[in-house]
Structures are given as C-alpha cells and as structure tokens.
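Right, one structure below, let's go through it.
As the structure is a prediction and not an experimental result, all values here were calculated from the model. Here is how names work: the chains are called A, B, and so on, in the same order as the sequence lines, proteins then strands, and each is numbered from 1. Below, all heavy atoms of this structure are taken into account, side chains as well, without hydrogens, waters or symmetry copies.
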Protein chains: 2
Amino acid sequence: MKVKEIAELAGVSVRTLHHYDEIGLLVPDEVTEAGYRIYSDKNLDTLQQILFFKELGFPLEKIKEIMHNPSFDRQQALIRQRDMLYRKRSQLNEVIRTIEKTIQESKGERKMPNRDKFTGFDFSHNPYEEEARERWGDEAVDESEEKVKNMNGYDQEKFNEIFRELARIRGVSPESDTAQDKIGIWYHYLNEVGNYSPQAFEGLGHMYVNDERFTENIDQFGEGLAAFMSQAMSIYAERNKS
Amino acid sequence: MKVKEIAELAGVSVRTLHHYDEIGLLVPDEVTEAGYRIYSDKNLDTLQQILFFKELGFPLEKIKEIMHNPSFDRQQALIRQRDMLYRKRSQLNEVIRTIEKTIQESKGERKMPNRDKFTGFDFSHNPYEEEARERWGDEAVDESEEKVKNMNGYDQEKFNEIFRELARIRGVSPESDTAQDKIGIWYHYLNEVGNYSPQAFEGLGHMYVNDERFTENIDQFGEGLAAFMSQAMSIYAERNKS
DNA sequence: TGTAAAGTATCCCGTAGCGGAAGGGTCAAC
DNA sequence: GTTGACCCTTCCGCTACGGGATACTTTACA
C-alpha cells in the first residue's frame, strides 16, 4: 500500500507519514526503485500503536524509544494503553462535571469556590510524564489508592452506603447471587468514578486483604468485610472477563 | 491574586500566564507599579473558559477572537462547550472500543479488518473546525441549541427521555423490533458515557430486577419497566455478542 | 501509444504554544 | 538590612507537523 492509502485509512496526512519516516518512527517495509514508500500490514499495525500513544500525549521521540526497545511487548503495551485511556476518560469526565457545575453557577443556581473551577484540567497537562515515566520499566501497583481518595461528597455518601450493604450480607457465600449482585454494584460504581477493568477490579480486591490500610478502613464497616469483598471481587472479575 | 496563586489554582504554569498576557488573551485586570500582574476573580473565570476551549483543541488565536467578540455570551458558550465535550468523550470511547478489539485480536480471539483499526482517531484532528468555525460568529445560535438538546443534550435529560419512551412501549414483547430498537438506544447511550460490553450490559439488566434500588427508580417511569428492560437487555446482549 | 491527471518524492521555510535559562527588580520576614 | 521567595522582561529553542515549490512516476483513457 502506498502513502495515500495508508493516510486515508488511518486518518493522518501524507506529510505526517513522511515525517514519521524521516525521524525513523515508522519506516516503510519496502521502497520501490522510484523511491515510493510501500507499507505492509505490519507497518499499519505499528502506525495504529503509534496513534494510541499519541492519543495519550506521548511525544514522538518517546514513542520511538519505547517501541524500539527490544523488550517491547505489544500485548502488554496495548493493555497499559487501554488503562491509560480509561484514566483519560475519567479525567475528561471530571472536566465535564466541572463545566456542568459552572453552567449551574452561571444561572445562579449554585455557588462555586474558585478551587473547584479547575478540577480535571491539571492532569491534562503532561499526562505521560506523571504516569508513565517509570512505569514502562516497572510494575507499580499503588495507583488504585489515589482513585479512591479523589472523591467528592456525593461519592463519599454513595460509597458508604454500598459498604454498609455489603457488610450486612457478608455472611453469605461470596459466589452467591446476592453477593455477586452487590459486588457488581460496587464494580459499576467504581467505573463511574474511575473506570476499572475486571482485572484492575480483581487487583483492587487483593489489596483489600494484603494492604492493611485498606483492610482497616473496610473492616470498620464490619469485621471480615475486606476478606469477603476480596473473594467476591475475584469471582466477579473472573466471570466478567471479556 | 498574583501569578503564582492563579497558576497553582488553575494548574497551568506561570510562563503560560505570561504568554496569555503577551498575546492579549488574558490580560490581568490590574498591574502594580512594579509591574506585577494582579488577577481578579473575573480574570479567573475567563481563564477557566479559556481552558475549556483549549481542552477542545481550539487554537489560542481563535479563542481570543471568540471571546473578544462583543456578542459573546458566556452561558451559551458554556453550553456549547459542554456539548462538544460530550462529543469528545464519544470519540474517546470509540478509541477505547478500538483498543479493546485490538487486544482481543492480538490474543488471536478475533480478526480485524484494517479499516476498523483506526476508528476514533480521524475526528481528533480538527474537531473545532467542522463544528464551530462559523457558528461562533454571531448569529443563528438557537437553532443549534435545539438540536443539541435532542441529539447530544444533557445526559440527565436524555436519560429521562429514553426511560419515558421505554415506559411507553413496555407492553410489547421484549424481543420485538420496537423493543430491541429502543433498548439499543439505551445501550448506545450507556456507551457514550461509560463503555459497556454486551456482557456488562446484560449484567446491568440483571441488576435492574435483582437490586431493589434500581427497580424502584426505574419503575417510577412505569410499573414493570425494570423487568421489561431487563429481559430486553438480555436479548439484545445475546444478539450482539461479537 | 501518447498525454494529461493524479500521485509521489525531496527540499525548505514557517508556525503554535509554550519551556527554560539569563539577568535583574521587589517584597515580607526575621 | 539582608535573605529568600517571588516577580519582571528578554531571548533562544523545541515539537510536530503544514504548506508550498519543483521535479519525477504511474495510471487512466483516448
């Protein structure tokens, strides 16, 4: 396939493809005698990958570096990119919430303190730097913690309500419908505020029993709740893995 | 308030504020004798507005032009920006769907035609130009306003609308075209705000009947609506499992 | 088989939106 | 009255291309 075809398929300009070739980011598999760039299917997949990175705000130089690394694993990359896209959506949701509040304020329906006028923006600035600088070499886990911290009053209330309900039923088997339904609520709630994959959900569950800070907090709602939730979450995640 | 305070509040750099002053985009209301920039609360609101535009990818020059227009109406601007943010989220959701499919493909669980590998990206290029180039000019404002309400309007409104419509048809069979059509709208709506797989959709449907809080809320639109939706959602999910 | 249109190539210059360092005033505190 | 945190104004640099200009190739079709 020649430049124009690729360009139209991927929705980028021909100039962009030239540029990527120039800087060695995406070099076509083949070049004709006349100098025409011929792209393969593999090239196309690479381009897709590049665009995912770009969507996440990675600079081209960084993308090149990552993808040229001999230990680069496409699958792992995709999964991490997906998680980062989830996070980006969360952030966008915050901006949306902010603008909705602002609209209400402009109608005089509500007052807004200055510090609330900018929630959602801060992270948008250099998303990759905070998140991914070290992560593409390491295996950091603790991100879930922050998510729970960033909650407003409404969320906090809902949060408590769910936990109280879970505490009430913590005697039943974690795989029972009762338990699974309630834990499903928890899952969907988390996805409202933060976007979790089943895998991430399961990971979070593990932390409930492995990290005493979590355990302590959760067990305030009822002795053994953390353990109960952890099990239920595992099962739920397993059943809901796409 | 001096630069640093504003910068921290809004999550931008001091240099950025300098720049905005330089190009006349955000000129502080007051300047001390020593040349210190002093920002007012009004300045802060303007900055917020600017950041919304930026989030939407407007170039600074355009933002300046729009906001300096004497017929500029803050409320209307906010509403339009909100709508464009919704659209941006939709587009991001498409990217997310694309990457999820790609992950499945990389596991060998599915094949993907080349043209599907890039859905979601194309629009990211010049979002404002198609939509807003002439519209921010000065006239013909309220016509788009109407459209906005019907097509992309406020989540809550749309939400209610869908439920009312579903309530109206809840007498028909859940597998009828009428029902499946409407439930499809619901499915797509959910995917605008949160990205649901058919499986997750089905799971949600189960919760409508198994969790009384859901049931109660939904049945406010019409007795038995929760049960109706639950069935329709199961069927829809089954038919749309890719 | 010839020719125009469409596609492609390589230069090369320009731009947006700041980042960051240099060099130098200012202000509140102790 | 000096220290340290904050502020100012240049000025240079950078990224990720856009957009010509100019010249060669390929394709369509008459």
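- Per the geometry, CZ belonging to Phe58(B) stands 17 Å off C1' belonging to dG17(C), to the nearest Å.
- Rounded to whole Å, the distance from NZ on Lys64(A) to C1' on dT15(D) is 14 Å.
- In this structure, Ser13(B) does not reach the dC18(C) phosphate: none of its side-chain N or O atoms is under 4.0 Å from OP1 or OP2.
- Of the residues in residues 18-41 of chain A, those lying under 4.0 Å from DNA chain D by heavy-atom distance are His19(A), Tyr20(A), Ala34(A), Tyr36(A).
- Note on ring orientation: taking the six-membered ring where Trp is involved, the planes of Tyr187(B) and Phe201(B) are perpendicular (angle over 60°, cut-offs 30° and 60°).
- Put simply, CG on Leu47(B) is 11 Å from P on dC18(C), counting in whole angstrom units.
- In terms of modelled atom types and a separation under 3.5 Å, the side chain of Lys88(A) and the main chain of Glu55(A) share a donor-acceptor contact.
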(request) With salt bridge (Lys or Arg N to Asp or Glu O under 4.0 Å) as the test, would you mind laying out the steps for Arg37(A) and Asp21(A) before giving the verdict? (result) CA-CA 9 Å; Arg37(A) 296 172 176 81; Asp21(A) 188 5; 2.7 Å; yes

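- Residue contacts for Val3(B): at a heavy-atom cut-off of 4.0 Å it reaches the sugar-phosphate backbone alone, with no base atom in range.
- When each of Lys2(A) and Glu61(A) is assigned the nucleotide of DNA chain D with its nearest heavy atom, Glu61(A) is the one assigned upstream, toward the 5' end.
- Going from atom CD of Glu5(A) over to atom C1' of dA6(C) covers 15 Å, rounded to whole Å.
- The separation between Lys4(B) atom NZ and dA5(D) atom P is 9 Å, rounded to whole Å.
- Leu60(B) has its CG atom 12 Å from the C1' atom of dT15(C), to the nearest Å.
- A heavy-atom distance below 4.5 Å is not found between the side chains of Asp41(B) and Asp45(B).
- For dT15(D), neither phosphate oxygen OP1 nor OP2 lies less than 4.0 angstrom from any side-chain nitrogen or oxygen of Lys54(A).
- To the nearest 0.5 angstrom, Thr98(B) atom OG1 is 8.0 Å from Asp116(B) atom CG.
- Atom CG in Leu17(A) sits roughly 14 Å away from atom C1' in dG18(D) (whole-Å rounding).
- In this structure, Phe72(A) and Phe53(A) have tilted ring planes: the angle between them lies in the 30° to 60° band.
- Regarding contacts with the backbone of dG18(D), a side-chain N or O of Thr16(A) is found under 4.0 angstrom from either OP1 or OP2.
- You'll find a donor-acceptor pair under 3.5 Å spanning the side chain of Arg15(A) and the base of dG19(D), going by distance alone.
- Classification of Lys4(A) and Glu8(A) as a salt-bridged pair holds, one side-chain N sitting under 4.0 Å from a carboxylate O.
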